[in-house]
Asks: 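Let me give you the structure first, and then I'll get to my questions.
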Protein chains: 2
Amino acid sequence: MRIGETAAAAGTTAKTLRFYEDRGLLPVADRAPNGYRDYPHETVGRLEFIRRGRTAGLTLAQIGDILSIRDIGQAPCIHVRDLLVKQLRDLDAQIAELTALRATVAEFHDAAAAGDPAACDPERICSYL
Amino acid sequence: MRIGETAAAAGTTAKTLRFYEDRGLLPVADRAPNGYRDYPHETVGRLEFIRRGRTAGLTLAQIGDILSIRDIGQAPCIHVRDLLVKQLRDLDAQIAELTALRATVAEFHDAAAAGDPAACDPERICSYL
DNA sequence: CTTGACCTTCCAGTTTACTGGAAGGTCAAG
DNA sequence: CTTGACCTTCCAGTAAACTGGAAGGTCAAG
């Protein structure tokens, strides 16, 4: 697969793939005889994994760490396991933080819902925001 | 409270408070006769709220939206409620994304835990990372 | 009455994650 | 055999969220 095709399949851009290669999130791609990058199909899945991590608020560095562990497959190394444990703890903390924030926002919403919507003229843009 | 004191109480810096004021996340502070900013004690809580939002991966713009809704108190306006509903949906999506990611990382961890830790010489730095 | 720890404004630099654009090579289609 | 849509490298710019530093004002303590 060529770069543009791969990028489109993963919902991103060719520029971004080159950038990820540069940052080590994608392995250096094979080249066709004409010099074009040639990607295996599984790169699409890898890009989707990166996108999910980004959506979840992980940095490229964090995602890169996880991917490099995945890449070496069966890794008995204790350092690798420690890193994964740390990643799990970080993810748990982040999820807890978001959950608490959600509760707070839900309170604001309930308070706002208690007001009378008719007090706001639907023709006008809300003057508060 | 002066700026440094307020910042310290919230675990941040005076620089950051001025920056937040500039971005509209903090109301323009009152000034003492000497020109120093004078903060009420509740600013600490507001800063903690901002920090929680940042930790959870919200942008300052998103946090600012939530705060401006909170600031107007009882807001019956339908636009405000729509915005809060959207924030809740966004938070739910982000939590779901993170939870899925956590499950994937847990799989990596279980796979790594299946290996033999003795295969890694504890004297050496892990060659994989 | 000076030292040091505060504070003020303003402007420039940093990091992260792209994004745009120049200058040029490749190749299937008309 | 040229046009257009790809691709290549390289370098510069952008947005977000700070962070640092210069130049100078304020004020309690020694």
Side-chain angles (χ1 to χ4, degrees), chain A residues 1-40 43-44 46-68 87 90 94 97 101, chain B residues 1-40 43-44 46-68 87 90 94 97 101:
Chain A
M1 285 172 96
R2 290 193 307 191
I3 195 169
E5 194 187 349
T6 313
T12 183
T13 67
K15 284 253 173 200
T16 301
L17 293 231
R18 293 191 198 99
F19 176 71
Y20 284 170
E21 179 179 301
D22 191 55
R23 294 305 179 88
L25 276 92
L26 290 181
V28 174
D30 287 346
R31 297 294 176 125
N34 60 10
Y36 290 12
R37 284 176 183 79
D38 185 25
Y39 289 99
T43 299
V44 177
R46 195 180 178 91
L47 287 167
E48 280 163 0
F49 181 85
I50 297 172
R51 198 186 45 69
R52 284 205 305 279
R54 291 287 302 126
T55 305
L58 300 190
T59 66
L60 290 189
Q62 286 176 301
I63 297 166
D65 285 348
I66 297 173
L67 283 172
S68 68
Q87 289 276 8
D90 288 354
Q94 206 169 340
E97 201 76 68
L101 196 67
Chain B
M1 285 171 96
R2 291 194 308 191
I3 194 169
E5 193 187 349
T6 312
T12 183
T13 67
K15 284 254 175 200
T16 301
L17 293 230
R18 292 189 199 101
F19 176 71
Y20 285 171
E21 178 179 300
D22 190 56
R23 293 307 179 87
L25 276 91
L26 289 182
V28 174
D30 287 345
R31 298 294 177 125
N34 59 11
Y36 289 11
R37 285 176 183 79
D38 185 25
Y39 290 98
T43 299
V44 177
R46 195 180 179 91
L47 287 167
E48 280 163 0
F49 181 84
I50 296 172
R51 197 188 45 70
R52 283 204 306 277
R54 291 289 303 125
T55 306
L58 299 190
T59 65
L60 290 188
Q62 286 176 302
I63 297 166
D65 285 349
I66 297 172
L67 284 172
S68 67
Q87 290 275 10
D90 287 355
Q94 204 171 340
E97 201 76 71
L101 196 68

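All chains are named by letter (A, B, ...) in the order of the sequence lines, taking the proteins before the strands, and each is independently numbered beginning at 1. The figures that follow rest on heavy atoms only: side chains count, while hydrogens, waters and symmetry mates do not.
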Asks: Identify, between A/Arg23 and A/Tyr36, the residue whose nearest nucleotide on DNA chain C lies closer to the 5' end.
Replies: A/Arg23
Asks: What is the distance, rounded to the nearest whole Å, between atom CD of A/Glu21 and atom P of C/dC18?
Replies: 15 Å
Asks: Side chains of B/Leu60 and B/Tyr20: does their closest heavy-atom pair fall under 4.5 Å?
Replies: yes
Asks: Is C/dA28 paired to anything, Watson-Crick or G-U wobble with both distances less than 3.5 Å, and if yes, which nucleotide?
Replies: D/dT3
Asks: Check whether any side-chain N or O of A/Asp38 sits under 3.5 Å from a backbone N or O of A/Met1 as a donor-acceptor pair, and report yes or no.
Replies: yes
Asks: When the nearest nucleotide of DNA chain C is assigned to A/Phe19 and to A/Asn34 on a heavy-atom basis, which residue is associated with the more 5' position?
Replies: A/Phe19
Asks: May I ask you to say what B/Thr13 touches in the nucleic acid, namely base, sugar-phosphate or nothing, with a heavy-atom cut-off under 4.0 Å?
Replies: nothing
Asks: With a 3.5 angstrom cut-off on both distances, give the Watson-Crick or G-U wobble partner of C/dA23, or none if there isn't one.
Replies: D/dT8
Asks: Would you indicate which nucleotide in C/dA17, D/dG20, C/dC6 comes nearest to any side-chain atom of B/Lys15?
Replies: D/dG20
Asks: In whole angstrom, what separates A/Arg54's CZ from C/dC18's C1'?
Replies: 9 Å
Asks: Would you say A/Tyr39 and A/Val44 make side-chain contact, with heavy atoms under 4.5 Å?
Replies: no
Asks: Atom CZ of A/Arg2 to atom C1' of D/dA5: distance rounded to whole Å?
Replies: 9 Å
Asks: Grab the OH-P distance between A/Tyr39 and D/dC7 for me, whole Å please.
Replies: 10 Å
Asks: Nearest whole angstrom, please: distance from the P of C/dA12 to the CG of B/Asp22.
Replies: 15 Å
Asks: To the nearest 0.5 Å, tell me how far A/Asp90 CG sits from A/Gln62 CD.
Replies: 6.5 Å
Asks: Counting only side-chain nitrogens and oxygens, does A/Arg37 get under 4.0 Å of the OP1 or OP2 atom of D/dT9?
Replies: yes
Asks: Going by heavy atoms in the side chains, are A/Glu21 and A/Arg37 under 4.5 Å from each other?
Replies: yes
Asks: May I ask you to verify if any side-chain N or O of B/Arg18 is less than 4.0 angstrom from the OP1 or OP2 atom of C/dC11?
Replies: no
Asks: If each of B/Ala61 and A/Ala14 is mapped to the nucleotide of DNA chain D with the nearest heavy atom, which maps nearer the 5' terminus, i.e. the 5' end?
Replies: A/Ala14
Asks: Could you tell me if the side chain of B/Arg54 sits less than 4.5 Å from the side chain of B/Ile50, heavy atoms only?
Replies: yes
Asks: Could you give the CD1-to-C1' distance, from A/Ile50 to C/dC18, as a whole number of Å?
Replies: 13 Å
Asks: Report the base-pairing partner of D/dG13 (Watson-Crick or G-U wobble, both distances below 3.5 angstrom), or none.
Replies: C/dC18
Asks: Counting side-chain heavy atoms from CB outward, which of C/dT8, D/dC7, D/dA17 is closest to B/Arg31?
Replies: C/dT8
Asks: Which of the following nucleotides, D/dC7, D/dC10, C/dA17, is nearest to the side chain of A/Leu60?
Replies: C/dA17
Asks: Given atom CD1 of B/Ile3 and atom P of C/dT9, what is their separation to the nearest angstrom?
Replies: 8 Å
Asks: What integer distance in Å separates A/Leu25:CG from C/dC18:C1'?
Replies: 13 Å
Asks: If only side-chain N and O atoms of A/Tyr20 are considered, is one of them under 4.0 Å from the OP1 or OP2 phosphate oxygen of C/dA17?
Replies: no
